[in-house]
Amino acid sequence: MLWWMLANVAGAQTVTLDAELGFLAPLAHRVQFGHQGTDLDYVKEGGQDNLFPLFRPTAALRWRRQTFTALWQPLDLRTTVALDHPLRVDSVTFPAERPIDLRYGFSFWRLSWGDRVVDRHDLTVTLGLGLQIRNATIGFVAVDGSQARTNRDIGPVPLLEFELRKRYDDGGFWEAEVDGFYAPIKYLNGRDVDVVGAIADIQLRAGLRLKDLEPASGWVGLRYLGGGSSGTGPADADSDGYTENWLHFLTLTLGLRLEPGRD
C-alpha cells in the first residue's frame, strides 16, 4: 500500500513487487580466519553439500526514466559436522572428531538507482548504481559448548548495476540483471584496511504475464551469487586480523510479480 501511494504521489509509471522462492546450491565455498587458521572447505567438509531454502523480496519504483529498487536477501546457512582433523579459527582450535555447529550468515540489504538508457514498450536497458549493506555472522561452536568463535561484520558495499528486459506481445518476457563490483583498495570495499573484496549477483529470468490474474506475472530465475574478500585487518588478542572468504552459489527460484499500473 505504501509503495502504491508513493507511486501515485510521484506520478510514477509503475510499481513492481517481486517475491522469489527456491533453493540455493553452494558450488564452492572456502573460509579461513588467521594466517595459521584452517582453510575450511564448506562444501567438501562443512556440510554445505546440500540445497538450502531461499527467499528474496524486491520492490521497485519506476518514475519517468528512473528506477529505485530495494531488496532484502536473507542468507543463513547452518550445519553440524565432525571433522577428521583439528579446525583452527583465529586463536581457537577445535579438536578432531568432535561435533561443531557451523553458521554462515551473510544476509544483506540493497538500495539501487538506475536510469533507463533504452526505454521502449518492448525493451528496456537500465544502467545504475547501488549500495549494499552486508550483515555477516560466521560462527563456530562446539556442540558440547566447550569452545566457540564468532566473527561479525557490518559494512557498506558500492555496486554497479545493469538490467535488460525484453517483452513480447503474447505476455512472455525474459530479463537479465547484473549487480557487482571489484574493490582492491580500502574505503571502496567498505573497510578501513586494504582488503580485496568482490561481489557478483547475476540472474537470468523468463516469465509470462498471467492474464487471468492481472496484474500478476510468474517467472523462473537462475542466479549466480559469488564473491568474498581476503586480506589483513586490525589485529586483537584473539586474531592476527587475516581473513579469506570466497563463495560461489547458484540459485533456482520461482517468482511472482505484481505490477499494478502497467499497460
Side-chain angles (χ1 to χ4, degrees), residues 23-56 72-109 132-157 183 186 189-201 225-251:
F23 64 79
L24 177 147
L27 303 179
H29 188 192
R30 309 185 76 95
V31 69
Q32 179 179 347
F33 290 100
H35 283 96
Q36 304 302 317
T38 303
D39 180 5
L40 176 65
D41 187 325
Y42 272 114
V43 177
K44 293 183 178 180
E45 303 178 292
Q48 289 187 6
D49 53 343
N50 210 337
L51 301 178
F52 297 88
L54 182 80
F55 173 68
R56 178 165 168 150
W72 173 50
Q73 173 64 84
L75 184 61
D76 196 356
L77 311 184
R78 300 178 186 237
T79 57
T80 300
V81 298
L83 301 175
D84 60 5
H85 58 80
L87 172 65
R88 179 169 178 174
V89 182
D90 290 324
S91 61
V92 178
T93 300
F94 297 85
E97 306 295 345
R98 293 189 183 180
I100 308 171
D101 288 329
L102 305 180
R103 179 186 180 188
Y104 187 82
F106 216 89
S107 301
F108 58 81
W109 294 264
Q132 184 165 297
I133 305 298
R134 64 173 177 266
N135 186 37
T137 301
I138 305 176
F140 307 81
V141 180
V143 172
D144 63 9
S146 60
Q147 295 172 295
R149 179 64 177 170
T150 301
N151 288 273
R152 298 180 179 87
D153 184 38
I154 299 174
V157 180
K186 60 185 177 183
N189 55 32
R191 301 176 184 270
D192 57 1
V193 293
D194 284 319
V195 175
V196 174
I199 183 173
D201 188 352
L225 182 62
S229 64
S230 62
T232 302
D236 57 34
D238 298 313
S239 171
D240 61 14
Y242 177 78
T243 62
E244 184 161 6
N245 174 27
W246 295 98
L247 60 86
H248 303 276
F249 293 162
L250 192 69
T251 74

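Note that the structure is predicted; figures quoted are calculated from it, not measured. Counting begins at 1 with the first residue of the sequence.
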**Prompt:** Heavy atoms, side chains only, cut-off 4.5 Å: are Gln73 and Phe108 in contact?
**Reply:** yes

**Request:** Indicate yes or no for a side-chain donor-acceptor contact from Glu244 to the backbone of Ser230 under 3.5 Å, with no hydrogens or angles considered.
**Result:** no

**Message:** Using modelled atom types and a 3.5 Å cut-off, is there a donor and acceptor pairing between side-chain atoms of Ser91 and backbone atoms of Asp238?
**Reply:** yes

**Asked** Rounded to the nearest 0.5 Å, how far does CG of Leu77 lie from CZ of Phe52?
**Response** 5.0 Å

**Request:** Could you grab the distance from atom CH2 of Trp72 to atom CD1 of Ile133, nearest 0.5 Å is fine?
**Result:** 15.5 Å

**Exercise: identify the closest heavy-atom pair between Pro26 and Asn50** = CD-O, 3.4 Å

**Item:** Heavy-atom closest pair, residues Thr93 and Pro86
**Value:** CG2-CB, 4.1 Å

**Request:** Report yes if the side chains of Leu40 and His29 come closer than 4.5 Å at any heavy-atom pair, otherwise no.
**Result:** no

**Asked** Taking all atoms of both residues into account, what is the closest heavy-atom pair of Asp84 and Ala96, and its distance?
**Response** C-CB, 3.8 Å

**Minimum-distance pair of heavy atoms, taken over all atoms of Tyr42 and Arg103** = OH-O, 4.5 Å

**Fill in**
Taking every heavy atom of Glu45 against every heavy atom of Leu83, the minimum-distance pair comes out as O-CD2, 3.4 Å

**Complete:** Output for pair (Gln32 CD, Asp41 CG), nearest 0.5 Å, gives 12.5 Å

**Prompt:** Angle class for the Phe140/Phe33 ring planes (parallel below 30°, perpendicular above 60°, tilted otherwise)?
**Reply:** perpendicular

**Message:** Could you report the tightest heavy-atom contact between Tyr104 and Gln48, atom names first, then the distance?
**Reply:** CB-NE2, 4.0 Å

**Prompt:** How many angstroms lie between atom CG of Asp240 and atom OG1 of Thr232, to the nearest 0.5 angstrom?
**Reply:** 6.5 Å

**Request:** Taking the side chain as every heavy atom from C-beta outward, state whether Leu24 and Leu75 have any atom pair closer than 4.5 Å.
**Result:** yes

**Prompt:** Do Thr38 and His85 pass the side-chain contact (heavy atoms from CB on, under 4.5 Å) test, and can you show the C-alpha distance, the side-chain angles, and the key distance before you say yes or no?
**Reply:** CA-CA 10 Å; Thr38 303; His85 58 80; 4.0 Å; yes

**Request:** Begin from the C-alpha positions of Leu225 and Phe106 and carry the test side-chain contact (heavy atoms from CB on, under 4.5 Å) through to its verdict.
**Result:** CA-CA 12 Å; Leu225 182 62; Phe106 216 89; over 6 Å; no

**Message:** Distance check, rounded to the nearest 0.5 Å: Ile138 atom CD1 versus Asn151 atom CG?
**Reply:** 6.5 Å

**Prompt:** Does a donor on one side chain sit under 3.5 Å from an acceptor on the other, for Ser146 and Asp144?
**Reply:** yes

**Request:** Inspect the surroundings of CH2 in Trp109 and state if more than 12 heavy atoms from other residues, nucleotides or ligands are less than 6.0 Å away.
**Result:** yes

**Prompt:** Do you see a donor-acceptor pair shorter than 3.5 Å between the side chains of Thr80 and Asp101?
**Reply:** yes

**Worked verdict on Gln36 versus Tyr242 for side-chain contact (heavy atoms from CB on, under 4.5 Å)** = CA-CA 9 Å; Gln36 304 302 317; Tyr242 177 78; over 6 Å; no

**Message:** Once rounded to the nearest 0.5 Å, what's the spacing between atom CG of Asn245 and atom CG of Asp153?
**Reply:** 10.0 Å

**Request:** Could you check if a side-chain atom of Leu27 sits within less than 4.5 angstrom of a side-chain atom of Val43, using non-hydrogen atoms only?
**Result:** no

**Message:** Donor-acceptor check, side chain of Asp90 to backbone of Val92, threshold 3.5 angstrom: yes or no?
**Reply:** no

